[in-house]
Number of protein chains: 2
Amino acid sequence: MRGYSSPDKTNKDLVKERNGVSFQPLLLTHVLDNGADQTDKRRRIEQLALSDPVIMEGPDYSYLSVPEKYSEGVRKHVHCIKKVKEHGLTDNMDVVTYHGVVFPQEAAPLSMHDVAFKPMFTIQASDQQKKKWLRQIENYEIIGNYAQTELAHGTYIRGLQTTAEYDPSTQEFIVNTPTLTATKWWIGTLGKSSNYALVMAQLITQGKGRGLHAFMVPIRDMNTHEPLPGITVGDIGPKLGFHDIDNGFLQMNNIRIPRENMLNAHSQVEADGSYSPPFNDKIMYAGMLGIRAHIPLMCARNTARACTIAIRYSLVRRQSELVPGGPEPQVLDFQTQQNKIFPSLAMSYAFWFIATRMQDMHKQGMEEVMQGNFSQLLEMHALSSAMKAYCTTRTTKAIETCRLACGGHGFSEASGLPKLYGNAAAPATAEGEATVLFLQNARYLMKCYEHAKSGSAMDTFSSYMTQKKERFSGDVSIGSMIEALAYRAEKVVARAAAQLFKWSKQGMDRMQAWNKSSVCLEEASIANAEYVLVKSFADYLSALSCDAAVKNALQRMCSLLASYYITEHAGEMVQGGYMTEAQLDVIRLHLTELYSVVRPDAVAYADGFDFSDRHLCSILGRYDGNVYEKMFEWAKNYPMNKTDVHESYRYLKELKTNSKL
Amino acid sequence: MRGYSSPDKTNKDLVKERNGVSFQPLLLTHVLDNGADQTDKRRRIEQLALSDPVIMEGPDYSYLSVPEKYSEGVRKHVHCIKKVKEHGLTDNMDVVTYHGVVFPQEAAPLSMHDVAFKPMFTIQASDQQKKKWLRQIENYEIIGNYAQTELAHGTYIRGLQTTAEYDPSTQEFIVNTPTLTATKWWIGTLGKSSNYALVMAQLITQGKGRGLHAFMVPIRDMNTHEPLPGITVGDIGPKLGFHDIDNGFLQMNNIRIPRENMLNAHSQVEADGSYSPPFNDKIMYAGMLGIRAHIPLMCARNTARACTIAIRYSLVRRQSELVPGGPEPQVLDFQTQQNKIFPSLAMSYAFWFIATRMQDMHKQGMEEVMQGNFSQLLEMHALSSAMKAYCTTRTTKAIETCRLACGGHGFSEASGLPKLYGNAAAPATAEGEATVLFLQNARYLMKCYEHAKSGSAMDTFSSYMTQKKERFSGDVSIGSMIEALAYRAEKVVARAAAQLFKWSKQGMDRMQAWNKSSVCLEEASIANAEYVLVKSFADYLSALSCDAAVKNALQRMCSLLASYYITEHAGEMVQGGYMTEAQLDVIRLHLTELYSVVRPDAVAYADGFDFSDRHLCSILGRYDGNVYEKMFEWAKNYPMNKTDVHESYRYLKELKTNSKL
Ligand SMILES: Cc1cc2nc3c(=O)[nH]c(=O)nc-3n(C[C@H](O)[C@H](O)[C@H](O)COP(=O)(O)OP(=O)(O)OC[C@H]3O[C@@H](n4cnc5c(N)ncnc54)[C@H](O)[C@@H]3O)c2cc1C
Ligand SMILES: Cc1cc2nc3c(=O)[nH]c(=O)nc-3n(C[C@H](O)[C@H](O)[C@H](O)COP(=O)(O)OP(=O)(O)OC[C@H]3O[C@@H](n4cnc5c(N)ncnc54)[C@H](O)[C@@H]3O)c2cc1C
């Protein structure tokens, strides 16, 4: 039963809720999976892991110390690698599905080998290099990572200090960590697991700096796993999440590696040290965007997890009064509770559908790139920056709000939410800090705006900039609300552009003017992102053919999100007389009325995500709603309760002696 | 040197910053401490702990497992109890100061004994009961807690299920946990430390339910510390924060306690079981408000901690480009970075000064209450609900934003921010969930509004409701901006009142109408809270006599906060034509210009909080700015790095064998 407890023991309130919904959750699942056959396939793969005792019968993660979590993670990852092979899972998405059950919330210890090292290697290695290393990499004989960030530099890649100087006399590179601040830091899978590092270093040859290049640096003995001479490597210590990943540090002291260890598909160093720069680095760049395109889906799933937990628990939790003397209501009946959860729920669909669109765009874009056509690249980059920043930051907020919606029990690890938070928070910073990415996107928006002023739209999503805005139509159709969001986006983009212009006119240089406008530029990027999300959500729905009730349910979510954004940014709507106060009140009412309409279907939305209990790791979010029994059981099993008198009682005892003095 | 490392090793950027500030941080410290003598006193007390090796030389908390953290906490707490006695610290605030160094971020394991059990006992016990127990409580021979919340009920106290039935034949109460859901849960200091519990239970006597009363229930043997027969007690398991507190569960099965174990200062059960209800429970109630009045100060300090860390690190961190080809800027030079940190910084002062005001109000209120005058109680309750909810929720957001402002390193426990977050998040839920408190406050605001409509103000803070609003004056003086915030508050309060009225007119009963307006009611409470915070901040400053440069610095903070709130809620400002778009732009510009003005003083604001490094537990926030050296040292010392090859290598090795197959 997909990791669910048996249905006959289901909490009565949940049973009742499930009988009263307007659509079949499974049909919603099919939409999210992109077809019933895909749902079946996904479930089949998940079942392989769900029925594997080596995976399912491990210790409860929340009881373990951080190093124990890492160790347990390695145990599972190694098992998982064998099983993936055994089950013949070759498609990347299938492996991700399988991993989803093995590592329901954490990323796996060796994940940087899979999601960064291998793809980067594949993009940057020549055929000869692939021939030499790829088999070992695929077999995990070589375990690697992507070692770019240093103690003092992350965002600013040009500032990286690690050097690789070519020595033609031996045809080797000498790799060095010249200062403490050049220590590689934060590198996932590096601390304890890797025997190779893919080191980004400043290439120096013939006395000249040639910029960053990637080097295959062996760091541990292939037999003993001991660090090699000249290598200082270790774990960077405890952190907010990802407890089972060994993010590590690395110092290299005169490490000599052969010339062929510089990945040279795009640029080469000849035997004599002469250097040929990459002919076109856009291909490499496009490949890296693929990694980023995956993030919104991860965000969608994490937001969906948090909402599933909060919704189910809010249906089981009865508290307070709603009708004088009546039974205690389910807390989801409180409007404020709906207001905490439903906007995040709506966002999770918006993230889901933009992710689908971005993956399609990326696939198509890559095909074009391969044919030498780079025209889509700029838009892809801009969109993926904005969406990466927006989805990750909103996801952590959503998880946090869902945690708060669970009251006291949300604070317990039994809710699954603290851990989900810690892990989901990482991508808001890693692989591109959110503010930095919003500002990258804003740079593109400023270009679009200039284009628009001269009358032409630069791409589909910025076409709103060329359309003259009328007054708000006054109705709450999704079309009008999208127009309102476009109005707002245009307004903030224009404000940012005006600021930039003003500062430049006052004689500031470009970068100063940019910095002095950057709060507004970031807002512009966010306003644009919210427009794009709702627009692409609506577009997706209009092209979608599926069960009518499900479509209806999704349209409600889209409308809910649009009205939520509008009321959140009422200021821009009313300014310039676009919307009247009365119209705004209509939208406010529309939003809270939608909450009431959505309320009876809440459990169907939650079930529609089709997470097994294993995926949620949450007692509050259990499919069967047996929250209290299982909380008690979980607490009883907590290792600290193995003895009745804790060893620290030896200190408390001193107080007695003390007070007698 | 107050736990600071020696100043001659200070990071050069910080030295330069400290030489360039417009005011002396110590003079700001005096304002925050409420006098130079108070600063001296506080520092003297802190020094007692800072120079105590038993306290300072404990293991690094972030390396420990959760049970180890608890154990280490008990060790320190016991030492601390002895030392507090030895040093003759009797004033409560002095003990809090001392604790601040011993437990810089965590609450202490026995803290519920100190902050809930003892005060509750004192308020509710009769003189005879005090005679019997108080000495043992003060000596920590009895270690207790406040056991109110149950597995299924927290917010809704009337729903608690634990019973205490009086048996006149033996003159005992029989205390019972009738169902699993009645299990006491979340009770701090209960799990492993307490030998008594102050149990809130439904009193039953002469066959009738008499409501909740407090009972002294012995739960562990005073000699062996083993749970007594009929008692099931333990720790509820890992959680988001407060790792060193043993929040516990408790089940009681027919526990017989003598009649005198019901705390009976206010209501009594006679030998025959006849019951006299409390004559006036307002005194008890007023006492409980005292606990809540302390929370805004805690929030102020936690927000200040996060800002200190983020500011210092942002001055040490150099990254990216600001002038083409120029040196890398300190990241605090980015406007977006200022926008992340400075509004929170301003809030920390606002919290600080409202806390002072609330404590004064509470003191005065209690004196009046003792003389039978309860007129201030309603306002005190309303204000403390709103401020508790507002300050706690904003504090967690501030910490999170500061964490994000630290980029990758913010995610490491070396930053101190993940732990600060986990601990600061607890009070947003515990002792009154935020939404529930905002709604309580809204109830009061609706009363104020009705009053105001009939022409009279109910209290000082709601007098704005009676003043006819003009247009915005157009200048950015603090007076005009406070008027604008009042305008907004009035506007949202009025909107909520109108909604309530509308639903009632449509025939809904009071509770339903309330629920259907509750999103707006919560907004009203928040809008009012923001007005109150800025108003009381400005009031405090106008009454303050201190160094002119410091006053100036604080006025900037007040103005910054006002303009931040106005731009955050532009919608309400523009609606009804109160503010024009151009005026709003002036305020937006004022805000970002203030960022630039505040920037060179940032380090002085941070230093002015006068936290020792011990208080911050943050490598990023070190006074000397030696961030990178110490990060590396910290990581090297991480226990996982004691061996070069981790024990989990045994799993990785299998991969090699596997790939050879
Ligand atoms: C969990 C985790 C895993 C990671 N894994 C890896 C890995 O496997 N390999 C790897 O190489 N790296 C890894 N990293 C590093 C990560 O990529 C960087 O931390 C990230 O890119 C952010 O850079 P930073 O730390 O330098 O932040 P900083 O740039 O120092 O950010 C600090 C502050 O400065 C601001 N700022 C910086 N530049 C600008 C600007 N130009 N304009 C405005 N504001 C600016 C930021 O907005 C932020 O508020 C990981 C990090 C984490 C947290
Ligand atoms: C770290 C920690 C320490 C604690 N220590 C103690 C202790 O020492 N002793 C003790 O007795 N208790 C303690 N507690 C319990 C704490 O007091 C409760 O958890 C808290 O009061 C919240 O109540 P709840 O858990 O019932 O939340 P719930 O009321 O179940 O909240 C769930 C959701 O329902 C909503 N909701 C509930 N009622 C209403 C309403 N009327 N209107 C609108 N929305 C509503 C809430 O807003 C929330 O979103 C502790 C809790 C924590 C987290």
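Within every chain, numbering begins at 1; the chains are lettered A, B, ... in the order of the sequence lines, protein sequences first and strands thereafter.
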Under 4.5 Å heavy-atom distance to chain A, tell me which part of [X] shows up: side chain, backbone, both or neither.
X        : value
B:Ile143 : side chain
B:Ala152 : both
B:Thr232 : side chain
B:Tyr421 : side chain
B:Leu591 : neither
B:Asp60  : neither
B:Glu138 : neither
B:Gln337 : neither
B:Thr567 : neither
B:Asn637 : neither
B:Gln499 : neither
B:Leu322 : both
B:Pro639 : neither
B:Arg510 : neither

Is chain B contacted by the side chain of [X], its backbone, both, or neither, given a heavy-atom distance below 4.5 Å?
X        : answer
A:Ser62  : both
A:Thr393 : neither
A:Gln251 : side chain
A:Glu593 : side chain
A:Ala434 : neither
A:Gln136 : neither
A:Leu521 : neither
A:Lys340 : side chain
A:Thr429 : side chain
A:Leu180 : side chain
A:Leu110 : side chain
A:Lys76  : neither
A:Tyr638 : side chain
A:Pro109 : neither

Show, in sequence, the C-alpha distance, side-chain angles and deciding distance for A:Lys653 and B:His225, and conclude whether the side chain to side chain contact (heavy atoms under 4.5 Å, CB included) test is met. CA-CA 9 Å; A:Lys653 254 194 320 209; B:His225 209 62; over 6 Å; no
To the nearest 0.5 Å, what is the distance between [atom1] ([X]) and [atom2] ([Y])?
X        : Y        : atom1 : atom2 : result
A:Asp585 : A:Leu589 : CG    : CG    : 8.5 Å
B:Ser193 : B:Tyr70  : OG    : OH    : 2.5 Å
A:Arg75  : B:Arg650 : CZ    : CZ    : 9.5 Å

Tell me whether the rings of B:His409 and B:Tyr628 are parallel (<30°), tilted (30 to 60°) or perpendicular (>60°).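 Geometry flag for B:Tyr628 against B:His409: perpendicular rings.
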Aromatic ring pairing B:Phe249/A:Phe632, orientation class (parallel under 30°, perpendicular over 60°, tilted between):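 Perpendicular.
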With chain A as the partner, which of [options] has the greatest number of non-hydrogen pairs under 4.5 Å?
options                                : answer
B:Ala426, B:Ala635, B:Ser320           : B:Ser320
B:Pro418, B:Ser518, B:Gly154, B:Ala570 : B:Ser518
B:Glu522, B:Lys516, B:Glu433           : B:Lys516
B:Met222, B:Met579, B:Glu568           : B:Met222
B:Asn641, B:Val436, B:Val645           : B:Asn641
B:Thr183, B:Leu151, B:Asn339           : B:Leu151

Using every non-hydrogen atom in the two residues, find where B:Leu655 and A:Tyr140 come nearest and quote the distance to one decimal.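 Heavy atoms only, the tightest pair is CD1-CB, 3.8 Å.
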What residue, out of A:His646, A:Gln335, A:His79, has the most heavy-atom pairs lying under 4.5 Å from chain B?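 Highest number of pairs under 4.5 Å: A:Gln335.
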Side chain to side chain donor-acceptor pair (under 3.5 Å) for B:His153 and A:Glu328? Distances and angles first, verdict last. CA-CA 11 Å; B:His153 287 93; A:Glu328 294 178 55; 2.8 Å; yes
Has the side chain of [X] got a donor or acceptor atom that lies under 3.5 Å from a matching backbone atom of [Y]?
X        : Y        : answer
A:Glu150 : A:Trp185 : no
B:Asn515 : A:Asp333 : yes
A:Asn195 : A:Arg220 : no
B:Gln319 : A:Thr155 : yes
A:Lys192 : B:Met640 : yes

A:Phe411 vs A:Cys406, test: side chain to side chain contact (heavy atoms under 4.5 Å, CB included). Steps then yes/no. CA-CA 8 Å; A:Phe411 197 78; A:Cys406 295; over 6 Å; no
Do the side chains of B:Arg403 and B:Glu400 get close enough for a salt bridge, i.e. N-O under 4.0 angstrom?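 Yes, B:Arg403 and B:Glu400 are salt-bridged.
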